[in-house]
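Sharing a structure with you now.
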Amino acid sequence: IWSSLAFLSTATLTYDSLRFGEIEDFPETSEPVWILGKQFSALTEKDEILADVTSRLWFTYRKNFQPIGGTGPTSDTGWGCMLRCGQMILGQALICRHLGRDWRWSPGQRQRAEYINILNAFIDKKDSYYSIHQIAQMGVGEGKSIGQWYGPNTVAQVLKKLAVFDSWSRLAVHVAMDNTVVIEEISEFSFIVSLKGACAVSEEPQEMNGDLEGACALAEEEMALWKPLVLLIPLRLGLSDINEAYIEPLKQCFMMPQSLGVIGGKPNSAHYFIGFVGDELIYLDPHTTQPAVDPNEDGQFPDESYHCQHPPCRMHICELDPSIAAGFFCQTEDDFDDWCAQIRKVSNCRGLPMFELVDSQPSHLITADVLNLTPDFSDSDRLERFFDSEDEEFEILSL
């Protein structure tokens with residue numbers, strides 16, 4: 001199987017070199033450019049657009065990393081694109097959490113400690129919180145073997161489980177199922193029970209990802225009851241193609257200040273969508289195979305390959321596969337209240353609401369636990385296809 005993946009690696013490198021030559025600059029248009037809640041002008045702010053895009057974390061295929069599971073693959077080329085998209089959407093949440101939405105990457109300079117900690121959480125090693133190793137191995141519990149392609153719902157569930165171990169960021173990752181966001185569930189999930197309980201995550205300092213101060217590294221914030229919320233919403237916006245009635249509501253999501261973007265794609269390719277201009281979606285593409293990176297002795301490491309330094313890719317919104325997961329970040333309870341107000345406003349506009357926002361769990365809905373995919377659940381494959389719509393061509397890539 002690994003020899004097959006090695007063949008795919010060679011094929012992907014050739015494919016990548018062709019694609020980079022096809023990247024175009026932003027069109028000369030008066031229509032606004034929206035990127036993760038920020039509006040730009042394509043006519044007068046192209047440098048600002050590129051600086052904003054370049055500052056997003058760009059996680060791509062890597063090769064020559066430690067074998068996953070000790071004896072598994074040393075590259076995720078051909079099967080890890082959705083896992084990398086999951087890393088990108090969560091990476092954006094960590095940037096908002098620790099650096100702020102307006103933070104900008106400065107190439108060639110010594111980087112802030114928070115930024116280095118964030119990158120360390122994703123580096124391709126088994127002991128990093130959100131590494132390809134951790135995601136692939138946690139996916140086994142979701143019915144996915146190592147080297148198998150993920151859909152948006154699966155990667156959302158895996159990230160939710162991994163975030164529990166991240167005592168530095170202390171995120172509340174909530175996955176809203178059944179196209180329904182239940183406010184009551186989020187309120188219960190996103191609040192710290194007590195000061196003592198919040199600091200008792202670990203009895204010993206945590207050394208993973210360079211966090212030497214452990215669970216109480218941010219002790220001065222422990223009085224805050226609200227845990228920063230990452231809300232992931234797996235959705236299906238049509239059968240085989242996106243229903244045009246969802247196009248405007250989808251665009252509205254990118255205009256919200258809480259936006260983390262969307263993970264999804266088109267046949268054979270998963271992408272991380274960060275915005276739109278006109279009827280074109282703007283996205284970061286993980287389908288580039290780069291060598292794995294190791295930190296330097298001083299903790300810093302070459303990070304240029306973690307930032308996309310060319311104009312981002314674009315595709316017409318109608319090409320989007322209908323199976324996606326939308327992400328939002330609410331640093332405070334006020335942010336979440338504002339998000340709820342915006343969603344209610346969007347629901348009253350033209351188009352179909354992509355999901356329902358309710359105060360409490362409707363009695364007719366099944367609980368999320370029933371829908372969590374597990375290896376011993378007999379209908380796991382059927383449910384995964386219902387939520388993720390994995391194309392047969394994706395399955396060929398995972399062989």
field: Value rounded to 0.5 Å, distance of CG in Asp76 from CD1 in Ile135
entry: 9.5 Å

- request: Give the C-alpha distance, both sets of side-chain angles, the deciding distance and a yes or no for salt bridge (charged side-chain N to carboxylate O under 4.0 Å, His left out) between Lys161 and Asp166.
  value: CA-CA 10 Å; Lys161 293 181 178 180; Asp166 183 358; over 6 Å; no

query: Between the side chains of Gln258 and Asp338, is a donor N or O closer than 3.5 angstrom to an acceptor N or O?
result: yes

message: Taking Leu50 as the starting point, is it possible to reach Leu57 by hopping between hydrophobic residues whose side chains are less than 4.5 Å apart?
response: no

- request: Can you see which heavy atom on Lys126 is nearest to which on His133, and at what distance?
  value: CA-CB, 3.8 Å

task: Taking the side chain as every heavy atom from C-beta outward, state whether Trp79 and Pro73 have any pair of such atoms under 4.5 Å apart.
output: yes

message: I need the minimum non-hydrogen distance between Val155 and Gly86, along with the two atoms involved.
response: CG2-CA, 3.9 Å

field: Closest heavy-atom pair and its distance - Asp124, Ser131
entry: CA-CB, 4.4 Å

- request: State, with a plain yes or no, whether a side-chain heavy atom of Leu250 is found less than 4.5 Å away from one of Ile242.
  value: yes

task: Report the distance from atom CD of Gln66 to atom CD1 of Ile132, rounding to the nearest 0.5 Å.
output: 13.5 Å

- prompt: Does Thr289 use its side chain to pair, donor to acceptor, with the backbone of Thr77 at less than 3.5 Å?
  reply: no

message: Taking the basic N atoms (NZ, or NE/NH1/NH2) and the acidic carboxylate oxygens, is any pair closer than 4.0 Å for Asp279 and Lys251?
response: yes

message: For a side chain to side chain contact (heavy atoms under 4.5 Å, CB included) check, start with the C-alpha distance between Ile116 and Asn120, then their side-chain angles and the critical distance, and finish with the verdict.
response: CA-CA 6 Å; Ile116 296 300; Asn120 273 324; 3.5 Å; yes

message: Can you confirm whether or not the ring centre of Phe40 sits under 6.0 Å from the ring centre of Trp34?
response: no

query: Do other residues, nucleotides or ligands put more than 12 heavy atoms under 6.0 Å from the CD atom of Gln309?
result: yes

Flag side-chain contact, heavy atom, 4.5 Å: Asn153 against Met177: yes

query: Does a side-chain heavy-atom distance below 4.5 Å link Leu99 with Arg112?
result: yes

query: Which residues satisfy the salt bridge (charged side-chain N to carboxylate O under 4.0 Å, His left out) test with Glu184, sequence neighbours excluded?
result: none

message: Measuring from atom CD of Glu280 to atom CD1 of Ile282, what distance do you get when rounded to the nearest 0.5 angstrom?
response: 8.5 Å

- prompt: Are Tyr129 and Leu162 close enough, and set up right, to give a side chain to side chain contact (heavy atoms under 4.5 Å, CB included), and what steps lead you there?
  reply: CA-CA 7 Å; Tyr129 290 130; Leu162 291 176; over 6 Å; no

query: Would you find a donor on one side and an acceptor on the other, under 3.5 Å apart, between the side chain of His307 and the backbone of Ser106?
result: no

- prompt: Can the ring centres of Tyr130 and Phe122 be said to be less than 6.0 Å apart?
  reply: yes

query: Looking at Glu114 and Trp168, what are the two nearest heavy atoms and their distance?
result: O-CH2, 3.5 Å

- prompt: Is the backbone N or O of Thr332 less than 3.5 Å from a side-chain atom of Asp335, with the two atoms forming a donor-acceptor pair by type?
  reply: yes

field: Closest heavy-atom pair and its distance - Ala270, Pro286
entry: O-CD, 3.2 Å

Expected output: side-chain Glu185 to main-chain Val182 donor-acceptor under 3.5 Å: no

field: Centroid-centroid under 6.0 Å between Trp103 and His98 rings
entry: no

query: Distance-only, no hydrogens or angles: does the Arg101 side chain make a donor-acceptor pair with backbone N or O of Leu36 under 3.5 Å?
result: yes

- request: Go through the structure and list residues passing ring pair (Phe, Tyr, Trp, His ring centres under 6.0 Å) with Phe254, not counting sequence neighbours.
  value: none

task: State, with a plain yes or no, whether a side-chain heavy atom of Ile183 is found less than 4.5 Å away from one of Cys340.
output: yes

field: Whether Thr74 side chain and Asn64 backbone form a donor-acceptor pair below 3.5 Å
entry: no

query: Rounded to the nearest 0.5 Å, how far does CD of Glu45 lie from NZ of Lys38?
result: 11.5 Å

message: Main chain of Gly37, side chain of Gln39: is a donor-acceptor contact present, judged purely on distance under 3.5 Å?
response: no

field: Aromatic Tyr150 / basic Arg84 pairing, under 6.0 angstrom, 45° off normal
entry: no

- request: With rounding to the nearest 0.5 Å, note down the distance linking CD in Gln331 to NZ in Lys227.
  value: 13.5 Å

query: Going through the checks in order, is the salt bridge (charged side-chain N to carboxylate O under 4.0 Å, His left out) test met by Asp52 and Arg104?
result: CA-CA 7 Å; Asp52 193 31; Arg104 292 293 180 267; 3.2 Å; yes

field: Check: Cys330 main-chain N/O paired with Trp226 side-chain donor or acceptor under 3.5 Å
entry: yes

task: Start with the C-alpha gap between Ile233 and Thr180, add the side-chain angles, then the distance that decides, and say whether side chain to side chain contact (heavy atoms under 4.5 Å, CB included) holds.
output: CA-CA 8 Å; Ile233 313 174; Thr180 304; over 6 Å; no

- line: Distance col, row Gln290:CD vs Glu304:CD, nearest 0.5 angstrom, shows 10.5 Å

- prompt: Do Arg62 and Val293 have side-chain heavy atoms sitting under 4.5 Å apart?
  reply: yes

query: Would a 4.5 Å heavy-atom cut-off, applied to side chains only, mark Ile89 and Leu232 as touching?
result: yes

query: According to a 4.5 Å side-chain heavy-atom criterion applied to Ile, Leu, Val, Met, Phe, Trp and Tyr, with indirect links allowed, do Leu43 and Phe276 form part of one hydrophobic cluster?
result: no

- prompt: Side chains of Val181 and Phe328: closer than 4.5 Å at any heavy-atom pair?
  reply: no

message: Give me the atom names and distance for the closest heavy-atom approach of Pro249 to Leu352.
response: CG-O, 3.1 Å

message: Parallel, tilted or perpendicular: which one describes the rings of His271 and Phe273, with boundaries at 30° and 60°?
response: perpendicular

